Structures are given as C-alpha cells and as structure tokens.
Amino acid sequence: MKRHYIRILTLLYVNMLLPKKVIILFICVVSSLLAHAQSVKVRKESSRIKGENVEGYATDLEGKPQDVTTSFVKYLRSLGKVRQ
C-alpha cells in the first residue's frame, strides 16, 4: 500500500512539473523570437589600394566613430600588431 501511495505521488508530481516546463520552454522560445538584435548589412565593393582595384566586402557600423574605432583596434590587436 505504501509503494502505491509513493508511486501515485511521484506521478502527480511529474505531471504537475511537465506543464510548467512546457510553459517555460514556450516563453523562452517566444521571447527569443521577439528579441531584436542589431542587423548587419554587407555589400560587395571594390576599392583602390596602392594603385590597384581590389574586390572586397564593406559594412556600415552603427555607433559613435570613437567607440567603433576603439572596438576595431581591440579586434585588430587580437590578430596581431596594430599600426596607428
């Protein structure tokens, strides 16, 4: 009798948690779909470097020029030596 009681309580507990987990998962999925991030627009472009036309990609960054420059220099330092 005691085993059946424990088994019933366990099933009730699991059945109560399952809908809560589904609701939490649903909320997480919906909030991730509704969250807005910065969009990045990339375009193919050619530039003249050292007298040569070179094909490449360009992007416009949103933000203050000083903040963009600081972040870009930090990124370049991770790749190697930076000249200014």
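Computed from a prediction, not measured in an experiment: that's the story for all the values here. Just so it is clear, the values below take in all heavy atoms, side chains as well, and ignore hydrogens, waters and symmetry mates.
No donor-acceptor distance shorter than 3.5 angstrom exists from the side chain of Ser71 to the backbone of Val68, with no hydrogens or angles considered. With hydrogens and angles ignored, the 3.5 Å screen pairs no side-chain donor or acceptor of Thr59 with any backbone N or O of Val42.
The salt bridge (charged side-chain N to carboxylate O under 4.0 Å, His left out) pairs that include a residue from residues 44-54 are Arg43-Glu45, where partners are two or more places apart or lie in different chains.
The hydrophobic cluster around Ile24 extends to none of the other residues, as no ILVMFWY side-chain heavy atom falls under 4.5 Å of it.
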